[in-house]
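Numbering starts at 1 and runs along the sequence shown.
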Amino acid sequence: CLLVVKSGIKRLILLINIMFRGLNKISLDTKGRISIPTKYRSKLSQYGSNKLICTIDIDQCLLLYPKKIWLKIEKTIMELPSLDKSSRILQRLMVGHAIECVIDSHNRILLPIELREFSGIKKTAMFIGQGQRFEIWSYQAWNQSRDSWLKKSDLTLTEQLRNISI
């Protein structure tokens with residue numbers, strides 16, 4: 001992520017490597033708001049905005065991006081060929097469901113009802129750092145999916161994955 005800070009005539013360019021990682025069990029309040037976990041707040045503030053973009057994912061979870069990161073992704077998605085059916089589906093799902101969420105003074109964001117219904121999020125959720133974005137899962141769906149992934153022994157590794165060591 002490249003962050004440009006202007007100070008008078010001088011421009012200071014800072015290269016900031018901001019990565020979100022880890023998971024947190026979180027609760028929704030009665031209005032459907034979640035608190036951003038403390039460990040992510042200072043990193044999010046480095047983006048210079050209190051705005052996040054929330055959209056849906058094919059795994060029935062929500063994706064949450066700092067607005068600066070999302071704008072680059074949205075531009076890439078919208079530049080896909082409009083006559084390609086898969087491109088249009090991706091545009092409709094990712095961009096069509098994208099909603100701006102403002103971090104309030106108590107470090108909370110409102111998850112819109114349409115996105116909560118899509119993801120099955122009710123009272124508890126999992127908030128998962130995934131590099132430059134977050135995933136927000138229904139607590140039950142996360143546990144079921146994770147358990148299913150751990151039980152799979154037939155994972156097919158791409159060439160890229162075969163060449164890394166963990």
Side-chain angles (χ1 to χ4, degrees), residues 1-4 13-24 26 28 32-34 36-37 40 43-44 46-103 109-122 125-166:
C1 172
L2 188 63
L3 180 64
V4 178
I13 300 175
L14 301 171
L15 184 61
I16 300 174
N17 185 16
I18 301 174
M19 295 294 285
F20 305 114
R21 60 178 66 87
L23 63 137
N24 297 81
I26 57 173
L28 281 75
R33 295 176 297 196
I34 61 167
I36 302 294
Y40 303 121
K43 288 181 181 182
L44 281 170
Q46 293 179 38
Y47 282 99
S49 172
N50 67 340
K51 295 177 182 169
L52 304 172
I53 304 295
C54 191
T55 191
I56 65 171
D57 185 63
I58 59 172
D59 287 327
Q60 298 239 222
C61 67
L62 303 179
L63 302 176
L64 187 66
Y65 294 89
K67 188 172 183 180
K68 285 184 180 182
I69 300 295
W70 171 256
L71 292 175
K72 293 174 192 173
I73 294 166
E74 182 178 56
K75 182 179 185 298
T76 301
I77 292 170
M78 295 313 294
E79 288 174 347
L80 294 171
S82 62
L83 296 178
D84 179 73
K85 188 174 183 175
S86 295
S87 295
R88 285 196 320 270
I89 290 170
L90 182 65
Q91 291 165 342
R92 288 176 184 139
L93 293 176
M94 295 280 300
V95 178
H97 286 90
I99 296 177
E100 187 174 276
C101 302
V102 178
I103 302 172
I109 59 168
L110 174 66
L111 294 179
I113 186 74
E114 298 83 7
L115 298 185
R116 287 183 303 201
E117 287 174 351
F118 168 83
S119 61
I121 296 172
K122 293 185 170 88
M126 291 302 291
F127 194 90
I128 304 160
Q130 290 289 286
Q132 292 190 316
R133 71 170 190 248
F134 301 99
E135 291 181 356
I136 306 172
W137 287 75
S138 141
Y139 183 71
Q140 294 78 13
W142 168 256
N143 287 320
Q144 289 171 354
S145 294
R146 183 202 55 215
D147 292 347
S148 171
W149 300 326
L150 290 171
K151 288 178 185 173
K152 283 188 179 182
S153 60
D154 63 341
L155 285 177
T156 305
L157 299 179
T158 64
E159 188 64 35
Q160 287 176 318
L161 291 176
R162 280 189 219 114
N163 293 325
I164 64 170
S165 178
I166 300 177

*Asks:* Before accepting this row, confirm whether a basic side-chain N of the pair R133/E135 lies closer than 4.0 Å to the acidic partner's carboxylate O.
*Replies:*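 Between E135 and R133 there is a salt bridge, with a charged N closer than 4.0 Å to a carboxylate O.
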
*Asks:* Using the ring of each side chain (for Trp, its six-membered ring), is Y47 parallel, tilted or perpendicular to F20, with breaks at 30° and 60°?
*Replies:* tilted

*Asks:* For C61 and F118, work out which heavy atoms get closest and say how close.
*Replies:*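 In this case the closest contact between C61 and F118 is O-CE2, 3.8 Å.
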
*Asks:* Do the side chains of L62 and D57 get nearer than 4.5 Å, heavy atoms only?
*Replies:* no

*Asks:* I need the single residue from L115, I109, I128, L111 that forms a side chain to side chain contact (heavy atoms under 4.5 Å, CB included) with L64. Which is it?
*Replies:*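 Testing L64 for a side chain to side chain contact (heavy atoms under 4.5 Å, CB included) against L115, I109, I128, L111 leaves exactly one candidate, I109.
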
*Asks:* I need the I58 CD1 to Q60 CD distance, nearest 0.5 Å.
*Replies:*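 One gets 10.5 Å once the value is rounded to the nearest 0.5 Å.
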
*Asks:* Take F127 and I36 through the test side chain to side chain contact (heavy atoms under 4.5 Å, CB included) and record every step on the way to the result.
*Replies:* CA-CA 9 Å; F127 194 90; I36 302 294; 4.2 Å; yes

*Asks:* Would you please indicate if the ring centroids of Y65 and F134 are separated by under 6.0 Å?
*Replies:*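 Here the rings of F134 and Y65 have centres that are no less than 6.0 Å from each other.
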
*Asks:* Just so I know, are the side chains of W149 and S145 near enough to count as touching, which here means a heavy-atom distance under 4.5 Å?
*Replies:* yes

*Asks:* Please report the shortest heavy-atom distance between P66 and L52, naming the atom on each side.
*Replies:*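 Heavy atoms of P66 and L52 come nearest at CA-CD2, 3.7 Å.
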
*Asks:* Does the side chain of Y40 come within less than 4.5 Å of N24's, by heavy atoms?
*Replies:*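 They are in side-chain contact.
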
*Asks:* Would you give the length of the straight line joining atom CG of L93 to atom CD of Q91, rounded to the nearest 0.5 angstrom?
*Replies:*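 Those atoms lie 10.5 Å apart.
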
*Asks:* So, for I77 and M94, which heavy atoms are closest and what is the spacing to 0.1 Å?
*Replies:*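 So the minimum-distance heavy-atom pair works out to CD1-CB, 3.9 Å.
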
*Asks:* About how many Å separate CE of M126 and CZ of R146, when rounded to the nearest 0.5 Å?
*Replies:*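 Spacing of CZ (R146) from CE (M126) equals 7.5 Å.
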
*Asks:* Measuring only between side-chain heavy atoms, which start at C-beta, is L23 closer than 4.5 Å to W137?
*Replies:* no

*Asks:* Are the side chain of R21 and the backbone of G129 linked by a donor-acceptor contact shorter than 3.5 Å?
*Replies:*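 Flag not set: sc R21 to bb G129 has no pair under 3.5 Å.
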
*Asks:* Can you name the closest pair of heavy atoms from M78 and V95 and give their distance?
*Replies:* SD-CG2, 3.7 Å

*Asks:* Side-chain contact test, heavy atoms from C-beta onward, threshold under 4.5 Å: evaluate it for S119 versus I56 and give yes or no.
*Replies:*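 With C-beta onward as the side chain, the pair stays apart.
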
*Asks:* Quick one, I99 and I53 - any side-chain contact, counting heavy atoms below 4.5 Å?
*Replies:*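 Side-chain contact under 4.5 Å: no.
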
*Asks:* Between Q132 (side chain only) and M19 (backbone N and O only), is there a donor and an acceptor less than 3.5 Å apart?
*Replies:* no

*Asks:* Check whether any side-chain N or O of N143 sits under 3.5 Å from a backbone N or O of Y139 as a donor-acceptor pair, and report yes or no.
*Replies:* yes

*Asks:* Taking the side chain as every heavy atom from C-beta outward, state whether P37 and I26 have any pair of such atoms under 4.5 Å apart.
*Replies:*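 Yes, at least one pair of side-chain atoms sits under 4.5 Å.
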
*Asks:* Donor-acceptor pair, T76 side chain versus K72 backbone, under 3.5 Å?
*Replies:*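 Yes, T76 side chain to K72 backbone: donor-acceptor pair under 3.5 Å.
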
*Asks:* Heavy-atom count around K122 NZ within 6.0 Å, excluding the residue itself: above 12?
*Replies:*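 Count not over threshold, so no.
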
*Asks:* Hey, what do you get for CZ (R116) to CD1 (I121), rounding to the nearest 0.5 Å?
*Replies:*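 Interatomic distance, R116 CZ to I121 CD1, rounded to 0.5 Å: 9.0 Å.
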
*Asks:* Which pair of non-hydrogen atoms, one from C101 and one from C54, has the smallest distance, and what is that distance?
*Replies:*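 Shortest heavy-atom separation between C101 and C54 comes out as SG-CB, 3.8 Å.
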
*Asks:* When rounded to the nearest 0.5 angstrom, what is the spacing between NZ in K51 and CG in L71?
*Replies:*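 Interatomic distance, K51 NZ to L71 CG, rounded to 0.5 Å: 10.5 Å.
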
